[in-house]
Number of protein chains: 2
Amino acid sequence: MSEMNEIKRPYHHGDLKRTIIETALQMLRESEGWQFTLREIARRAEVSHAAPYKHFPDKSALLAELALIGFDQLRADLENSIAPFPDSPIKQLSSASRAYIQFGETNPSHYKLMFSSDAGVKPNQVHLNERAMSTLGVLLDILRRGQIVGAFKKKPVEAQAAACWAQVHGLTLLSIDGLLLKEKVGENAAEAALRTLLEGLQQ
Amino acid sequence: MSEMNEIKRPYHHGDLKRTIIETALQMLRESEGWQFTLREIARRAEVSHAAPYKHFPDKSALLAELALIGFDQLRADLENSIAPFPDSPIKQLSSASRAYIQFGETNPSHYKLMFSSDAGVKPNQVHLNERAMSTLGVLLDILRRGQIVGAFKKKPVEAQAAACWAQVHGLTLLSIDGLLLKEKVGENAAEAALRTLLEGLQQ
DNA sequence: AAAACATAGTTGACAGTGTAAACATATGGC
DNA sequence: GCCATATGTTTACACTGTCAACTATGTTTT
């Protein structure tokens, strides 16, 4: 009688790993930080609380995977943002900066997680950093071509990249933490800050 | 017999609150993040596991207090760093920047905690932000006097402050997370990045 | 000084967590 | 068809934050 109403889920979920990741991403969006529990994820996936351990050795492994996904998304966002301006490194730089900050503001927990080697994420930090570094690649390209075209000062691009990255990283985090208040820092602080940096880069 | 060897600690610890804070600061130094447990703190203080609750309503309250202490220390460091250069805003700015980054590198977990509104710290966020903001005051003073003396461009100081803060905040965190690698970003990336920003500020 | 109260400790309990081990079921290659 | 393997489940453990009930000490009031 009753078993007619019940949808008989098969013993095997079929795509648990993806489901776990998507659920985790969802929970990252829902609340601040990454205090979500593996057991809650399992509950939402309607699976026993230990099932996730067949796909991730421990919670920090899942967090690391989420971080990697974040870096991939961020790089994609950056590349999309610069595509419309193939001939203007300056426009590319400011467009990418805006896209970067927006990514952080749209996915605050995720962004913070990406840079949290502590708070639970320790494994394959090297690998993770490599992927993070590839984000830097987008920036380096812009600066290199900017120097060739004569838009930027001819100084070591790596140093310029560090300056740019630090600037957007800092702005993003300050914004996420609600520290760029109008009263304290003026209207549109991020834009103004980026302009200031740009003036230091341009020749 | 045996009680002769035992030092009879009084029932009341006498200074538990301070001890808790100091132990927590110690544990913040010892390991990454703030996953230390209240119970471990109680153990080290040789006190029962619930005793800390007589001084802090919950763990996040303790974390908030630690964050406040961090901001006080940071501001003190900054003020000390600029004292030797009363007549050179430019020297002040670069000295303060160095001091700021050094604070973060010396106390990585503590620094990250200060900016972690998530991860457990939610209460009196307003109050916390106010204290954070007062750090910004040091920066604003430097920039204001720099403009008067003619060292910096005459633009809204708030925007300049945002640029500077974002820059050092970003550099500090990138450095803490080990992302300012020589191979990727050149020798002494932080110094170079600061110079770049300074060139955008100077007239 | 005695009594009453407030403060700062202790003990014991609870629900919830991450994680491990032992067991169960489905699936794909022989 | 059969078995190894991958993927689930159950059970169990040590530990956590937090609460409630209790107790010792210090302080204030009478």
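Quick caveat: nothing in here was measured; it's all calculated off a predicted structure. Letters go in sequence order (proteins before strands), and every chain restarts at 1.
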Nearest-Å distance for atom pair [atom1]/[atom2], residues [X] and [N]:
X        : N       : atom1 : atom2 : value
Lys17(B) : dG9(C)  : NZ    : C1'   : 16 Å
Lys59(A) : dT17(C) : NZ    : C1'   : 9 Å
Phe56(B) : dC19(D) : CZ    : C1'   : 19 Å
His55(B) : dG9(C)  : NE2   : C1'   : 8 Å
Gln35(B) : dG17(D) : CD    : C1'   : 15 Å
Tyr53(B) : dC22(D) : OH    : P     : 21 Å
Phe36(B) : dG17(D) : CZ    : C1'   : 13 Å
Trp34(A) : dG18(C) : CH2   : P     : 15 Å

Item to check | Ring geometry between Phe103(B) and Tyr111(B) (parallel below 30°, tilted from 30 to 60°, perpendicular above 60°) | outcome: perpendicular

Checklist entry - Above 12 or not: heavy atoms from other molecules or residues under 6.0 Å from CD of Gln102(A)? => result no

If you only use heavy atoms from C-beta on, which nucleotide in [options] is closest to the side chain of [X]?
X        : options                  : answer
Asp58(A) : dT19(C), dT18(D), dA8(C) : dT19(C)
Val47(B) : dT9(D), dG9(C), dG12(C)  : dG9(C)
Ala51(A) : dG8(D), dA20(D), dG9(C)  : dG8(D)
Leu38(B) : dT7(D), dT10(C), dT18(D) : dT18(D)
Arg39(A) : dA20(D), dG18(C), dG9(C) : dG18(C)

Checklist entry - Do Arg44(A) and Glu40(A) sit within salt-bridge range, that is, some charged N less than 4.0 Å from a carboxylate O? => result yes

For [X] and [N], is the shortest distance between a side-chain N/O and OP1 or OP2 below 4.0 Å?
X        : N       : value
His49(A) : dT11(D) : no
Thr37(B) : dT16(D) : yes
Arg43(A) : dT17(C) : yes

Item to check | Non-hydrogen atoms of Leu113(B) and Leu63(B) that approach each other most closely | outcome: CD2-O, 3.9 Å

Checklist entry - Taking all atoms of both residues into account, what is the closest heavy-atom pair of Lys153(A) and Gln147(A), and its distance? => result O-NE2, 3.1 Å

